[in-house]
Amino acid sequence: MTQFTISPPPHRRSKISVKSLMYGRIAALLIVGAASLLLFGTPALINILAAILGAVGTELVIQLAFKQKLTISDGNALYLGLLLALICPPTLPAWMAFVGGAFAIGVGKHAFGGIGSYMFHPSLTAWVFLNLAWAQNMLPESIPITSEFSDLLYETGAGFLTDVSPILIILTGLILIATKFIEWRIPLSYFLTTVILALFLGEDPSYIMQGTFLLGVFFIATETATTPVTKNGRLVYGILCGVLTVTYGYFAGNYLWGTLYALLLSNVVAPYIEVKTLPTPLGGVLNE
Amino acid sequence: MSDVIKLNKLPERVILPLKQHDGIACAPLVKKGDEVHLGQKLGDCKGSELAYIHSPYCGNVVAVEARPAPGGKSVLSVVLEPVECTEAPEFVPEKEAPPSRLMEIIEAAGIVEYYEKPTYKILKPGPLIDTLILNATFPLITRAYLPFLDKVLEGFQLMLEAGGISKGVIVLRADDKESIQAFKKASLNGKPLPVAPIIGKRHADYYFEDTDSDLIALVAGKKTYTPTMMNLLSADVMGRSLPLGYKPEDVHLSICGVKSAKAVYDAIKEGKPYLENAVTITGAVNNPKSLFVRFGTPVKDVIEACGGYRGEPGKLIINGSMGGVAVYTDEVPIVKNTTGIVVQAKEEVLRDEAMPCIHCARCVDACPVNLLPGRIAVMADCGMYEKCGEYYALSCIECGECAAVCPAKRHLVQLIRYSKLQLQKMNEAKNAEVIE
Ligand code: SF4
Ligand code: SF4
């Protein structure tokens with residue numbers, strides 16, 4: 001007799017999985033990372049590898065030690081390590097990048113309960129840790145200014161790895177949005193808020209249109225676990241990111257730090273935004 | 001237009017569950033060894049929510065016992081060994097039946113709606129009904145009935161007449177071009193049937209006034225209104241939103257299906273009880289199509305009529321892959337509520353592993369009633385049912401959209417359903433206290 005599988009509905013699901021979402025983002029960041037090699041050469045490559053090794057290795061050790069299911073193949077650790085390397089200067093010693101990657105996963109991700117449970121973006125947590133531990137090494141040699149269009153394409157004054165080619169980040173980011181890997185609400189409201197507010201304050205856009213800010217817009221701010229899930233909440237979250245970025249950037253005078261600190265602070269507020277923007281269901285009343 | 005043929009080959013066995021609707025099960029009127037003829041009443045029941053069972057075949061009763069039914073459970077069934085009918089059955093329609101008599105005929109024919117309520121019940125549920133909605137938003141079902149469109153329309157009018165309902169709306173899916181075309185060509189007592197789109201706040205009432213017709217067809221969005229989406233249907237089509245816990249009848253609406261309209265026509269104009277459905281077979285069969293299948297015919301005979309399985313079958317789903325039930329055997333019969341069979345090949349069967357939620361909000365964007373499915377599911381998983389209630393879990397219409405898009409492959413519908421069950425129990429307990 002033929003055997004039939006029985007299972008609860010729905011019997012048809014979308015093909016997108018957490019894994020494919022991760023690898024989509026990784027592919028985008030690898031392109032950005034490859035561009036940074038053009039300018040920075042081997043040190044950048046070594047840092048990227050070191051951070052990834054630190055991240056993936058730590059996840060492996062933790063999951064073996066606690067006898068958990070191994071999840072390194074889902075790409076999340078790899079992604080977080082790669083992202084961290086991109087927001088560090090190429091001059092950072094490789095072993096520090098390794099420690100940073102390990103910190104992102106060990107403390108930023110697993111101490112908070114693993115994938116989906118962290119309230120702060122693990123790469124940002126690690127970035128702050130590196131800044132506190134080795135402030136000198138985290139200083140870039142220059143702060144990028146994208147005063148001409150060619151700078152957007154290839155910025156030789158890049159500070160962090162990601163700052164080398166802003167246009168690549170925009171392109172890959174837009175592709176990910178078009179293919180629904182990233183949802184449009186946060187990038188749109190974040191980007192518009194920042195630009196409008198900065199112009200209003202008379203900021204020079206060439207200080208803002210940098211790799212770090214764009215990476216923030218498309219990749220860091222859209223880290224799903226650290227954002228509100230409500231539709232309006234996501235718009236508000238983007239606006240908040242924008243306001244904080246400009247506030248930091250305007251007063252601290254640079255938009256690299258400004259973006260990253262603003263995003264970390266926004267993470268804190270995300271749950272609050274969510275509970276304040278709960279949608280009312282169609283025809284629904286509270287269960288009394 | 002597709003030619004919908006009738007499946008006439010006699011199956012080896014015919015299985016007629018004695019409960020094919022949401023209500024009271026029928027008691028068998030026949031016993032092992034009895035000879036039955038086409039249209040004979042096999043199951044009788046008493047009470048208020050009933051649907052009699054008639055025999056769609058001639059044959060001999062070989063057993064009256066529990067058999068697997070397409071709902072997933074075993075149900076007491078009459079099992080027949082069918083034979084060719086020796087004499088042509090005589091079904092005689094009643095002439096010039098008054099509305100009260102129409103209602104009795106509909107009741108006696110055992111017609112059941114797509115959401116398992118007996119049709120006679122929904123035509124006069126108690127509260128006054130001013131509009132009857134014909135839900136034709138299941139493209140496969142609607143298309144299968146298009147060759148009989150005039151009968152469907154006439155049946156629909158008879159339903160209005162029987163229930164004393166003044167207006168009727170047929171709702172179509174915007175992307176079901178074939179059906180829209182057919183309805184546009186249809187005529188109603190010599191006049192063309194008005195077909196109009198729903199735009200913004202222009203709901204059915206606007207078009208009733210505009211066209212001066214009591215029967216119109218409206219093209220709604222690209223949505224199929226499944227049985228759990230009745231309130232959404234009344235809101236979308238009539239602009240009458242309903243608070244949770246209310247039914248369309250509370251705002252003077254009733255909803256019926258295409259297949260019951262045809263069945264009403266057959267019952268009143270041809271004197272036939274409800275004996276068959278158009279069933280659409282899709283997926284991994286060699287020759288997917290729509291067929292008229294008599295109730296009691298096992299699924300495997302229907303599959304055979306479609307050229308058999310293509311490759312090795314993995315899953316058999318009754319009534320649609322979003323909310324349908326996967327059955328464990330193809331021996332289950334077609335019943336009054338079976339309108340579709342989906343066959344998935346072995347390699348198509350989903351084998352996913354659920355992961356923790358990554359808060360990607362895809363479920364939020366997919367939910368047609370604006371819930372936060374991922375959040376409710378997490379709280380249901382932790383046993384925080386009151387919290388689920390605060391997040392409006394009870395408003396969930398169990399459409400499955402959230403689970404279909406979830407990249408973490410979480411069992412969102414089941415978790416939410418579970419929390420709803422617990423909430424309902426808690427409410428009952430609370431109400432019981434109040435009464436004491
Ligand atoms: S779709 Fe799945 S992973 Fe995404 S928020 Fe909803 S439950 Fe979580
Ligand atoms: S099943 Fe999911 S998508 Fe459908 S109503 Fe319920 S929560 Fe919303």
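Numbers restart at 1 for each chain; the letters A, B, ... are given by sequence-line order, proteins then strands.
Using a 4.5 Å cut-off between heavy atoms, E353(B) contacts chain A through its side chain alone, with no backbone atom that close. Proximity to chain A involves both the backbone and the side chain of V364(B), based on heavy atoms less than 4.5 angstrom apart. Looking at V325(B), only its backbone comes within 4.5 Å of chain A, counting heavy atoms on both sides. Heavy atoms closer than 4.5 Å to chain A are found in both the backbone and the side chain of L316(B). Heavy-atom distances place both the backbone and the side chain of A403(B) under 4.5 Å from chain A. Of the two parts of C357(B), only the backbone, made up of N, CA, C and O, holds a non-hydrogen atom closer than 4.5 Å to a non-hydrogen atom of chain A. For E312(B), no part sits under 4.5 Å from any heavy atom of chain A, backbone or side chain. Y309(B) touches chain A through its side chain: at least one heavy atom from C-beta onward sits under 4.5 Å away, while N, CA, C and O do not. If you measure heavy-atom distances from K15(A) to chain B, the contacts under 4.5 Å come from the backbone alone. Heavy atoms closer than 4.5 Å to chain B are found in both the backbone and the side chain of I115(A). Residue contact with chain B, scored on non-hydrogen atoms closer than 4.5 Å, involves the side chain of E274(A) exclusively. Residue contact with chain A, scored on non-hydrogen atoms closer than 4.5 Å, involves the side chain of R351(B) exclusively.
One finds no salt bridge joining R13(A) and E401(B) here, because no Lys/Arg side-chain nitrogen approaches an Asp/Glu carboxylate oxygen to under 4.0 Å. For R234(A) and D365(B), the salt-bridge test passes: some basic side-chain N is under 4.0 Å from an acidic carboxylate O. Taking a cutoff of 4.0 Å between a charged side-chain nitrogen and a carboxylate oxygen, E183(A) and R362(B) do not qualify as a salt bridge.
Taking each heavy atom of K409(B) and S14(A) in turn, the nearest pair found is NZ-O, 2.8 Å. Listed here is the closest heavy atom pair of P10(A) and V413(B): CD-CG2, 4.3 Å. Scanning both residues, S395(B) and P281(A), for their nearest heavy atoms gives OG-CG, 3.9 Å. M322(B) and P9(A) get closest at one heavy-atom pair: O-CB, 3.2 Å. Looking at every heavy atom in both residues, F4(A) comes nearest to P313(B) through CE2-CB, 3.8 Å.
Expressed to the nearest 0.5 Å, how far CG of L372(B) lies from OG1 of T277(A) amounts to 8.0 Å. Atom-to-atom distance recorded for D352(B):CG and S17(A):OG is 8.0 Å, nearest 0.5 angstrom. Rounded to the nearest 0.5 angstrom, C360(B) SG and I182(A) CD1 are separated by 12.5 Å.
For chain A, the option among Q344(B), K346(B), R375(B) with the highest count of heavy-atom pairs below 4.5 Å is R375(B). Each of A361(B), A408(B), G374(B) has some count of heavy-atom pairs under 4.5 Å with chain A, and the biggest count is that of A361(B). Of the listed residues (K69(A), R12(A), K19(A), E223(A)), the one with the most heavy-atom contacts under 4.5 Å to chain B is R12(A).
With hydrogens and angles ignored, the 3.5 Å screen pairs a side-chain donor or acceptor of H11(A) with a backbone N or O of G324(B). Remark: the backbone N or O of K315(B) is not paired with any side-chain donor or acceptor of T5(A) at under 3.5 angstrom. Although no hydrogens or angles enter the test, the distance criterion places a donor-acceptor pair under 3.5 Å between the side chain of H359(B) and the main chain of G116(A). A distance-only check finds a donor-acceptor pair linking the side chain of T224(A) to the backbone of I358(B) [under 3.5 Å].
Sparse packing is recorded around CD1 of I6(A), with 12 or fewer heavy atoms of other residues, nucleotides or ligands lying under 6.0 Å away. Crowding of K247(B) atom NZ: a count of heavy atoms from other residues, nucleotides or ligands under 6.0 Å not exceeding 12. More than 12 non-hydrogen atoms from other residues, nucleotides or ligands lie less than 6.0 angstrom from CZ of F112(A).
At least one side-chain heavy atom of M355(B) sits less than 4.5 Å from a side-chain heavy atom of D74(A).
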>> The test is side chain to side chain contact (heavy atoms under 4.5 Å, CB included); show your working for L278(A) and Y391(B) and say whether it passes.
In response: CA-CA 8 Å; L278(A) 292 183; Y391(B) 276 71; 3.6 Å; yes

